[in-house]
Amino acid sequence: MRITTWNVNSVRLRLATLERIVRTLEPDVLCLQEIKVEDQLFPTDAVKALGFDHVLVHGQRNYHGVAILSKLPLDGHAQRNWCEVDHRRHQITHLPGGIELHNLYIPSGGDVPDRNVNPKFAHKLDFLAELATHWEAEAAADKRMIAVGDFNIAPLETDVWSHKQLLDVVSHTPIEVEALGRLQRSAGFVDAVRAVIPPEVKLYSWWSYRARDWSASDRGRRLDHVWVTPPLASAIRDASVLREARGWDKPSDHVPVTVDLDL
DNA sequence: ATGGTAGGTATCCTA
């Protein structure tokens, strides 16, 4: 099974790019974040025409929103809110074999990495903590689970273009990296991408729109992740980041991250 | 130290 996660940054504006990504990667399951559209206006017919018979949308107007497109049948559809904030950031379904799939858009956290002056940063940390507490309580490490999405944190030194220069930049601060670490430990998650591509190798999935030349400056961060619980760790076969998609017409600022599992 | 771009919406918010 091939699963891809991609922050699409407006699904309606990006349908041609979505089609090119599907033709290039041929994923069985494609998890989208930041669809920026409410459920009724999601282009369901267009994605079904790409071969995804099973479509689960958890959208909202203007901001956030997640969707799962699948060629495999999906069982159930749950949505979760964290921190009592009505943002559509988390949906859950089941893949064949009873595998629980989580599609996540973790809050970006604003500009100032101080929870006392920046409510968005506090929300990001609280979101991570509440989800970790939830997974710890249900002993999720024993379940067959996949968690994917835009986690908005680059945990490793090689996940950013400059570890030193980003230590005080939201997405790579020690407090965020620790919060993400607790979330990862909460269900014993294996970072499927780093299980394939060694942690020594620099690897990014996001480049700012603001760079004059994103590829030349290459100031990227690895914000998008695919994690699996221990019962699925031995199924990991391959992982890749479609860097070239950042250079296509009408790119998202994120590129797709793909993992192959032998289930 | 600063400002740079993009998307959706409404003339600003979020990333």
Side-chain angles (χ1 to χ4, degrees), chain A residues 5-21 31-43 46-47 57-67 81-83 85-90 103-115 117-128 148-155 159-162 164-173 176 179-180 204-225 242-257:
Chain A
T5 179
W6 183 39
N7 180 320
V8 62
N9 188 17
S10 174
V11 68
R12 288 178 294 178
L13 195 79
R14 212 82 60 202
L15 277 175
T17 317
L18 179 71
E19 180 176 1
R20 191 169 175 188
I21 279 167
C31 296
L32 301 175
Q33 303 86 35
E34 275 204 278
I35 60 175
K36 293 186 174 178
V37 66
E38 57 197 304
D39 295 5
Q40 308 91 286
L41 296 177
F42 186 87
V47 302
V57 181
H58 182 43
Q60 70 183 82
R61 176 185 153 98
N62 201 353
Y63 303 118
H64 323 307
V66 287
N81 269 337
W82 305 102
C83 312
V85 175
D86 185 23
H87 288 178
R88 309 296 169 88
R89 296 179 176 276
H90 186 183
N103 185 24
L104 281 160
Y105 176 49
I106 291 174
S108 177
D111 290 328
V112 182
D114 180 345
R115 69 176 305 141
V117 300
N118 175 9
K120 291 179 191 169
F121 195 70
H123 179 216
K124 182 178 198 175
L125 296 177
D126 293 344
F127 186 106
L128 291 159
V148 310
D150 176 3
F151 295 179
N152 266 314
I153 296 174
D159 290 339
V160 291
W161 64 276
S162 168
K164 273 190 177 176
Q165 287 177 259
L166 288 173
L167 271 173
D168 200 33
V169 173
V170 172
S171 71
H172 192 61
T173 64
E176 290 169 88
L180 188 70
Y204 316 135
S205 64
W206 173 90
W207 293 261
S208 172
Y209 282 127
R210 296 175 186 174
R212 288 183 193 89
D213 183 333
W214 72 273
S215 187
S217 56
D218 201 20
R219 296 188 168 188
R221 309 176 199 171
R222 188 173 72 105
L223 304 179
D224 303 276
H225 300 275
L242 191 65
R243 176 186 171 105
E244 66 187 66
R246 185 62 179 79
W248 293 352
D249 283 342
K250 301 281 297 174
S252 169
D253 44 354
H254 296 251
V255 298
V257 176

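Chain A is the first sequence line, chain B the second, and so forth, proteins listed ahead of strands; every chain is numbered from 1. Just so it is clear, the values below take in all heavy atoms, side chains as well, and ignore hydrogens, waters and symmetry mates.
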Using a cut-off of under 3.5 Å, enumerate the N/O to N/O pairs linking the protein to nucleotides 11-14 of chain B.
unit_1  : atom_1 : unit_2  : atom_2 : d
dT14(B) : OP2    : K120(A) : NZ     : 3.3

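Taking only side-chain nitrogens and oxygens, R14(A) never comes nearer than 4.0 Å to OP1 or OP2 of dA6(B). The shortest distance between the side-chain N/O atoms of R219(A) and the OP1/OP2 oxygens of dG4(B) is not below 4.0 Å.
Under the rule for a side chain to side chain contact (heavy atoms under 4.5 Å, CB included), the partners of N118(A) that lie at least two apart in sequence or sit in another chain are V112(A), K120(A), F121(A). Every residue meeting the side-chain hydrogen bond (donor to acceptor under 3.5 Å, both in side chains) condition with R221(A), not counting sequence neighbours, appears here in chain and number order: S171(A). For R219(A), the side chain to side chain contact (heavy atoms under 4.5 Å, CB included) partners two or more places apart in sequence, or in a different chain, are W161(A), S217(A). Applying the side chain to side chain contact (heavy atoms under 4.5 Å, CB included) test to R89(A) and every residue at least two apart in sequence or in another chain returns H64(A), H87(A), Y105(A), P107(A), H123(A), F127(A).
Nucleotide dG4(B) holds its C1' atom 14 Å from the CG atom of D213(A), rounded to whole Å. Per the geometry, CG belonging to L13(A) stands 9 Å off C1' belonging to dA6(B), to the nearest Å. D249(A) has its CG atom 12 Å from the P atom of dG7(B), to the nearest Å. Remark: P of dT9(B) and CD1 of I35(A) are 12 Å apart, rounded to the nearest angstrom. Going from atom CG of D111(A) over to atom P of dG3(B) covers 13 Å, rounded to whole Å. Rounded to a whole Å, the CD1 atom of I106(A) is 13 Å from the P atom of dA15(B). Regarding H254(A), its NE2 atom lies at a distance of 18 Å from the P atom of dT5(B), rounded to whole Å. Here dA15(B) presents its P atom at 11 Å from CG of N9(A), a figure rounded to the nearest Å.
With the nearest nucleotide of DNA chain B identified for both A211(A) and E38(A), A211(A) has the one nearer the 5' end. Nearest-nucleotide assignment on DNA chain B puts the 5′-proximal partner with R12(A), out of D253(A) and R12(A).
Comparing the same atom, C1', in dT9(B) and in dG3(B) gives a spacing of 23 Å after rounding to whole Å. Taking atom P in both dC12(B) and dA1(B), one finds a spacing of 29 Å when rounded to whole Å. Separation of the P atoms belonging to dA6(B) and dT2(B) is 23 Å when rounded to the nearest angstrom.
Closest approach to the E34(A) side chain among dG7(B), dT9(B), dA15(B) is made by dA15(B) (side chain taken as heavy atoms from C-beta onward).
Residue pairs meeting the salt bridge (Lys or Arg N to Asp or Glu O under 4.0 Å) criterion with at least one member in residues 204-218 of chain A, sequence neighbours excluded: D218(A)-R243(A).
R88(A) contributes a side-chain N or O that, together with a main-chain N or O of G59(A), makes up a donor-acceptor pair within less than 3.5 Å. A donor-acceptor pair is defined here as one N or O able to donate and one able to accept, closer than 3.5 Å; no such pair exists between the side chain of S205(A) and the backbone of P256(A).
Nucleic acid contact class of R61(A) (heavy atoms, under 4.0 Å, all strands): sugar-phosphate only.
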